[in-house]
Amino acid sequence: MDLIHLLPDSVANQIAAGEVIQRPASVVKELVENAVDAGAHRIDIVAVDAGRTSLQVIDDGKGMSETDARLAFERHATSKIQQAADLFTLTTMGFRGEALPSIASVAQVELTTRTGDSDLGTHLVLEGSHVVSQEPTACAVGANFIVKNLFFNVPARRKFLKTNQTELSNITTELERIVLVHPDIAFTFTHNGSTQFSLTPSGLKQRIASVFGNRLADNLLSVEVETQMVSIYGFVGKPEASRKRGLQQYFFVNNRYMRHPYFHRAVQEAFARLIPSDEQVPYFIYFDVPPAEIDVNIHPTKTEIKFENEQAIWQILLAAVREALGRFNAIPTIDFDTEGRPDNIPVYNPLDPGTTAYVQQPTVKVDSTYNPFRTSPDSPSPNLTCPQQRSSASGALDGFTTPRIKVPQNWETLYNDPSQPEDQLPSPTGGAGSGSAGSFFQYLGSYILTPVEEGLMLIHQHRAHLRVLYDRYMTLLQSAPLPSQRYLFPEVMELTPTDAAVFADISPQLQRFGFDVNDLGGGAISIVGYPSGLEGVNIQRLLGELISASKDRGLLTAEQLFGNMALTMAREAAIPTGQVLSLQEMQDLLTQLFATSNPNYTPDGHTIVSILPQEQIDQLFR
């Protein structure tokens, strides 16, 4: 008995739809990309209930004939390619001929379309891959797709859809990736009768500002380089625009969005030592490469792309970003070139318009033999070694050289705190086992050192304060709503369409946490009040972090949301790295730290306390 048989087309389409159509955002992506390929100048997207009830995409492209409209819903029917060799010369977004059949297999679809050389268009109705009707109709040139009741015949898939706000956020994310590479096309997006955005044709930077706000656009640096291998252009954020999360980071190749962790590291490498190691910058970087040198046909979503000359492009990208930073003086430089500059600077004299007065530049005499590090005229210069050069990659003190500097007597009195008794001041000769209340030292404004019985304890002061604040905020959030501190003048904050959708989802929880925020519409919110105890914290940055965290993790339980909120607030309010602490502040911080639920680790798993054993210290000096 034969066991192998061919699957019906409807079943095969549903299987393909499992990869191509995962949620309403997938439908929007495929239909809008088809509209772009059709040469549309304007694309309108209308969603009801985040696409659960219906999705509509209207374009003014070239449209389809009656035959093409029917054939477009057959598997592997496409106008984009004709033979396998065409895969290496792709200039369109779609090419597999899977999108429309996959959508039609799991939804009820209506298509109204007309070409420019036809007086009548076509109205086609499908339901679960089956054609219900097809008839001529009067309509505008272009295409009008209506997708209703997505996953109506696959209830298991429909059950796993997220909340409307989450699905709406996914839709806007997909649209952002498309509108950023087609600034010459007008887009509108309406959800439940409310306009989420309306974009007119513009330049690239203006399109970025229209989507993400002028504040972000003002913090962008232009990147541009052209080689025979690749052309790279776009924008990267200034160092002051760096954040820990919630950043707009986009790579596009040949007008197609892509994910590329390898190129992301190149951008991060360019900003090394300019921003904190745990922060990143926004970027919008576009690659133009010959189609034959990339492969986009390795994943159904077409966001994973292979490059033939990946390493060479990495180097070009790194150099381009560094050049942009240098060109805009993001990397400080000292200009010693004074050749050809005038010795006298003319100054206009208002008392005598007929004459011009000159101000003579002062003459500065420099003693070339002066050395600020020399303790006496006859003593040698100190042998100083940069800390980065002293340490090897493993952290050992390889090649350490002790500076030969004459130490003045009673040097420790220079650091005496008049408010502290002299017997509580840190002693440079305190033993490893002393452990007295005054045996605290601060190193590089980042670490607190204190001797313990096992050796030398090192505490990361920022993480320690973060742990203390986290436990405090968790207790407050779980007990009662936080009081609110009101602004004298409310602050207005711009949100992207994606962030606006997330904000609407978490707005009730924000009120409980002490935020008094009003939705002004159009992606703007008014911050009237903020949680008491956060004075001095950048509230707009804090709200952005909260929205980004909720967006990254999706729908959260109340306990998860409390922890998420407490951690974000603690990060913003914790003492920054590099802040100098007094002896009493160090002692108070450690007292509070060891009273927390877990003094060894931060809530997100980073080490707070580490002990350098006495045996290892002794080994360094043997």
Side-chain angles (χ1 to χ4, degrees), residues 20-21 23-48 50-51 54-64 68-69 72 78-80 91-95 99-100 103 107 109-116 121-124 139-148 150 167-204 206-212 250 252 254-257 286 301-303 496-498 501 522-523:
V20 180
I21 308 301
R23 54 178 51 91
S26 305
V27 176
V28 172
K29 173 183 180 296
E30 299 294 345
L31 294 182
V32 174
E33 286 183 347
N34 281 345
V36 171
D37 289 340
H41 299 287
R42 178 183 177 87
I43 303 175
D44 300 313
I45 305 98
V46 181
V48 178
S54 71
L55 283 167
Q56 185 176 14
V57 177
I58 307 168
D59 69 73
D60 61 353
K62 54 189 173 185
M64 289 180 281
D68 286 347
T78 179
S79 63
K80 315 296 174 61
T91 58
T92 57
M93 302 297 292
F95 54 87
L100 292 182
I103 295 172
V109 181
E110 292 185 26
L111 168 61
T112 305
T113 182
R114 179 171 76 89
T115 59
T122 299
H123 181 242
L124 180 65
C139 62
V141 175
N144 183 346
F145 283 90
I146 302 177
V147 180
K148 299 179 180 178
L150 185 64
E167 296 300 341
L168 176 61
S169 176
N170 291 328
I171 292 174
T172 53
T173 297
E174 291 292 351
L175 287 176
E176 287 168 359
R177 297 171 179 175
I178 297 175
V179 302
L180 288 173
V181 289
H182 299 287
D184 56 323
I185 300 178
F187 291 89
T188 64
F189 176 41
T190 304
H191 178 249
N192 288 348
S194 175
T195 300
Q196 301 296 307
F197 59 73
S198 179
L199 305 174
T200 58
S202 62
L204 181 56
Q206 181 57 43
R207 174 56 59 89
I208 293 173
S210 300
V211 176
F212 299 111
Y250 294 91
F252 302 95
N254 295 355
N255 290 337
R256 185 188 304 275
Y257 170 80
Y286 301 75
T301 61
K302 310 181 187 80
T303 58
T496 67
T498 304

Which residues pass the side chain to side chain donor-acceptor pair (under 3.5 Å) test with Thr195, not counting sequence neighbours?
none
If you take all heavy atoms of Ala50 and Leu168, which pair is closest and at what distance?
CB-N, 3.8 Å
Residues in side chain to side chain contact (heavy atoms under 4.5 Å, CB included) with Ala47, at least two apart?
Leu55, Phe189, His191
Can you tell me which residue among Leu111, Leu31, Val109 is in a side chain to side chain contact (heavy atoms under 4.5 Å, CB included) with Leu100?
Leu31
What verdict does the side chain to side chain contact (heavy atoms under 4.5 Å, CB included) test give for Tyr286 and Val181, after you've listed the backbone C-alpha separation in whole Å, the side-chain angles of each residue and the deciding distance to 0.1 Å?
CA-CA 8 Å; Tyr286 301 75; Val181 289; 3.6 Å; yes
Going through the distances and angles, do Glu30 and Ile21 end up as a side chain to side chain contact (heavy atoms under 4.5 Å, CB included)?
CA-CA 9 Å; Glu30 299 294 345; Ile21 308 301; 4.2 Å; yes
Starting at CD1 of Ile185, measure out to CZ of Arg207 and round the result to the nearest 0.5 Å.
8.0 Å
Any non-hydrogen side-chain atom of Leu175 less than 4.5 Å from a side-chain atom of Phe187?
no
Can you tell me how far CD1 of Ile43 sits from NE2 of His182, rounded to the nearest 0.5 angstrom?
8.0 Å
Glu33 vs Ile178, side chain to side chain contact (heavy atoms under 4.5 Å, CB included): CA-CA, chis, key distance, verdict:
CA-CA 8 Å; Glu33 286 183 347; Ile178 297 175; 4.1 Å; yes
Leu199 versus Thr188: any side-chain heavy-atom pair under 4.5 Å?
no
Nearest heavy-atom contact between Val27 and Ile103 is CG1-CD1, 4.0 Å
For Ala69 and Leu124, the nearest pair of non-hydrogen atoms, with its separation, is O-CD2, 3.4 Å
Residues passing the salt bridge (Lys or Arg N to Asp or Glu O under 4.0 Å) test with Asp44, sequence neighbours excluded, are Arg42
Sorted by chain and residue number, the side chain to side chain donor-acceptor pair (under 3.5 Å) partners of Ser54 (sequence neighbours excluded) come out as none
So, do Thr173 and Arg177 sit near enough that their side-chain heavy atoms are less than 4.5 Å apart?
yes
Can you tell me how far apart CD (Gln196) and OG1 (Thr496) are? Round to the nearest 0.5 Å.
10.5 Å
In short, Pro201 meets Ala186 closest at the heavy-atom pair CD-CB, 3.8 Å
Ile58 CD1 to Thr112 OG1 distance, which is reported to the nearest 0.5 Å
9.5 Å
Drop me the distance from Leu180's CG to Asn255's CG, to the nearest 0.5 angstrom.
11.5 Å
Listed partners of Glu110 passing side chain to side chain contact (heavy atoms under 4.5 Å, CB included), at least two apart
His123, Val125, Ile146, Lys148
Can you list the residues that meet the side chain to side chain donor-acceptor pair (under 3.5 Å) rule with Glu176, with sequence neighbours excluded?
Tyr250, Thr498
Taking only residues two or more places apart in sequence or in another chain, which ones pass side chain to side chain donor-acceptor pair (under 3.5 Å) with Asn144?
Gln56
Please identify each residue that fulfils side chain to side chain contact (heavy atoms under 4.5 Å, CB included) with Asp68, with sequence neighbours left out.
Met64, Ser65
Heavy-atom closest pair (Pro183 atom, Gly203 atom, distance to 0.1 Å) is CB-O, 3.9 Å
Heavy-atom closest pair (Arg114 atom, Ala140 atom, distance to 0.1 Å) is CB-O, 3.7 Å
Between Asp59 (side chain only) and Gly142 (backbone N and O only), is there a donor and an acceptor less than 3.5 Å apart?
no
